[in-house]
Amino acid sequence: MSLIIQSALPDPSISHFVHSFWMLENNTGKDISSTVLPNGMVDLAVMSTDPDIWQKTIRGLDTVPGEILIPKGTKMFSVGFKLLAVEYLFGDSVKDFLNTGKVLSDEIWYFDKEDLSTFEKFQIKTTAIIKNIAAENIDNRKKKLFELIYSSEGSVTVKQLSENVFWSSRQINRYFNQQFGISLKVYCNILRFGSSFKHISEGRLFPEQNFTDQNHFIKEIKKYSGVTPKELSKNKNNRFMDIAAIKKLNQEND
């Protein structure tokens with residue numbers, strides 16, 4: 001009886017929309033308390049505690065750590081979407097459900113029993129859905145904007161981004177607030193925090209992005225996780241699923 005966590009990177013053809021896939025199975029025989037951390041992603045989850053009943057939800061951006069309960073017997077497949085996917089795959093804003101989610105219909109995101117039989121089949125079906133609905137004409141400014149944000153792991157200023165994509169800071173912030181419910185600066189801070197999961201999971205407890213100093217690093221980690229980098233790294237009882245998932249992903253891609 002165990003807690004099973006698997007992670008995988010997307011096919012390069014959809015990597016501008018998808019950050020990663022992951023799966024969780026709670027076979028411990030007991031409910032598990034967990035903390036959801038802000039990671040800069042919009043998550044689609046397909047979850048079940050009964051093999052014949054599945055529920056699909058889309059979760060907006062998290063800006064604070066949130067406590068959840070994972071019932072025994074839970075099986076969940078999830079996709080961590082980059083923000084470009086919100087407009088071009090879902091066609092709607094997620095600003096109204098920060099730190100929460102909503103149920104998705106089967107109209108587009110349909111998975112049958114076979115699609116949910118293994119982690120690999122879930123990835124294959126999700127990739128096919130994305131390729132089927134993905135828009136061919138993506139605004140070049142937005143595409144470049146997100147390429148710069150993700151390549152810098154959030155360690156870039158609004159001014160630098162504005163100058164590189166020839167889009168005013170005011171317009172970019174309006175876009176972010178209308179689509180995602182937060183400013184670009186706040187999003188970059190969250191993404192920088194999420195990007196620290198990798199080295200924190202490996203026990204490297206010092207800043208590797210553009211934090212001012214060690215104290216600033218510790219302060220930001222505590223702000224978004226509620227604990228120190230050391231406590232986050234220890235991840236006692238797999239409390240932080242994001243850390244457990246990224247550690248698994250690191251091991252599989254070494």
Side-chain angles (χ1 to χ4, degrees), residues 3-7 9 19-24 26 28 31-45 47 57-70 74 76 78-83 94-95 97-101 149-150 152-156 176 180-251 253:
L3 178 68
I4 300 171
I5 298 174
Q6 289 183 270
S7 300
L9 295 174
H19 174 271
S20 57
F21 294 95
W22 64 288
M23 185 201 79
L24 176 149
N26 180 7
T28 63
D31 298 342
I32 296 176
S33 296
S34 182
T35 301
V36 175
L37 296 176
N39 59 15
M41 305 301 159
V42 170
D43 294 311
L44 182 152
M47 184 171 70
T57 59
I58 180 171
R59 185 177 183 89
L61 290 172
D62 285 288
T63 60
V64 295
E67 301 303 315
I68 62 170
L69 187 70
I70 304 172
T74 294
M76 181 174 69
S78 182
V79 190
F81 284 102
K82 297 178 181 178
L83 294 194
V94 294
K95 69 176 181 178
F97 42 104
L98 286 176
N99 304 301
T100 186
I149 290 172
Y150 291 118
S152 70
E153 298 184 326
S155 298
V156 62
F176 262 74
F180 316 117
I182 59 175
S183 70
L184 172 57
K185 182 178 180 179
V186 170
Y187 180 70
C188 284
N189 287 341
I190 291 172
L191 188 63
R192 181 177 60 182
F193 165 72
S195 297
S196 70
F197 292 172
K198 184 179 187 296
H199 60 257
I200 287 176
S201 73
E202 296 170 347
R204 289 146 51 196
L205 308 180
F206 48 87
E208 297 193 13
Q209 284 104 343
N210 69 337
F211 294 96
T212 306
D213 51 30
Q214 183 71 13
N215 286 335
H216 181 217
F217 172 64
I218 294 172
K219 183 179 179 181
E220 287 292 289
I221 298 303
K222 289 188 71 174
K223 176 181 177 179
Y224 289 115
S225 70
V227 298
T228 64
K230 187 175 182 179
E231 290 174 276
L232 195 58
S233 177
K234 287 182 177 179
N235 196 21
K236 190 175 180 180
N237 298 320
N238 282 321
R239 173 187 169 189
F240 302 103
M241 292 298 169
D242 295 86
I243 298 299
I246 198 72
K247 182 174 288 189
K248 184 74 173 178
L249 185 62
N250 293 344
Q251 292 170 349
N253 287 279

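We use all heavy atoms of the structure for the numbers below, so side chains are in, but hydrogens, waters and symmetry mates are not.
- H199 NE2 to F206 CZ: the interatomic distance, rounded to the nearest 0.5 Å, is 7.5 Å.
- Residues N235 and A244 approach most closely at ND2-N, 3.6 Å, considering heavy atoms.
- A heavy-atom distance below 4.5 Å is not found between the side chains of P38 and T63.
- Closest approach of P229 to I200, counting heavy atoms only: O-CG2, 3.8 Å.
- For residues 215-230, the salt bridge (charged side-chain N to carboxylate O under 4.0 Å, His left out) pairs, not counting sequence neighbours, are R192-E220.
- A distance of 6.5 Å separates CE in M41 from OG in S20, rounded to the nearest 0.5 Å.
- Here the closest heavy-atom approach between residue I243 and residue S201 is recorded as CG2-CB, 4.1 Å.
- In terms of heavy atoms, T28 sits closest to N26 at OG1-OD1, 2.6 Å.
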Which is it for R239 and V227 under the side chain to side chain contact (heavy atoms under 4.5 Å, CB included) test, yes or no, and what are the steps along the way?
CA-CA 11 Å; R239 173 187 169 189; V227 298; 3.8 Å; yes
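- By the side-chain hydrogen bond (donor to acceptor under 3.5 Å, both in side chains) test, Q214 pairs with no residue at all, sequence neighbours left out.
- Residues satisfying the ring pair (Phe, Tyr, Trp, His ring centres under 6.0 Å) test with Y150, not counting sequence neighbours, are none.
- Every salt bridge (Lys or Arg N to Asp or Glu O under 4.0 Å) that D62 has, sequence neighbours left out, goes to R59.
- Atom CE of M47 has 12 or fewer neighbouring heavy atoms from other residues, nucleotides or ligands inside a 6.0 Å radius.
- Take F240 and apply the ring pair (Phe, Tyr, Trp, His ring centres under 6.0 Å) test, not counting sequence neighbours, and it matches no residue.
- When atom types are taken as modelled, the side chain of S78 and the backbone of L44 share a donor-acceptor pair closer than 3.5 angstrom.
- Among residues two or more places apart in sequence or in another chain, the side-chain hydrogen bond (donor to acceptor under 3.5 Å, both in side chains) test is passed with D31 by none.
- Residues I221 and T228 come closest through the heavy atom pair CG2-C, 4.2 Å.
- For the ring pair (Phe, Tyr, Trp, His ring centres under 6.0 Å) test, residues two or more places apart in sequence or in another chain that qualify with F211 are H216, F217.
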Can L184 and I149 be said to form a side chain to side chain contact (heavy atoms under 4.5 Å, CB included), step by step?
CA-CA 10 Å; L184 172 57; I149 290 172; 3.6 Å; yes
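- Scanning for side-chain hydrogen bond (donor to acceptor under 3.5 Å, both in side chains) contacts around S33 gives an empty result, with sequence neighbours left out.
- In this structure, the side chains of V94 and L83 stay at 4.5 Å or more apart for every pair of heavy atoms.
- Applying the side-chain hydrogen bond (donor to acceptor under 3.5 Å, both in side chains) rule to D43 yields no partners; only residues at least two apart in sequence or on another chain are considered.
- Residues meeting the side-chain contact (heavy atoms from CB on, under 4.5 Å) test with M241, sequence neighbours left out: L3, I5, W22, L24, I32, S34, I70.
- Considering every non-hydrogen atom in both P65 and L37, the closest pair reads CB-CD2, 4.3 Å.
- Remark: V186 pairs with I182, S183, I190 by the side-chain contact (heavy atoms from CB on, under 4.5 Å) rule, at least two apart or across chains.
- For Y187, the ring pair (Phe, Tyr, Trp, His ring centres under 6.0 Å) partners at least two apart in sequence or on another chain are F176.
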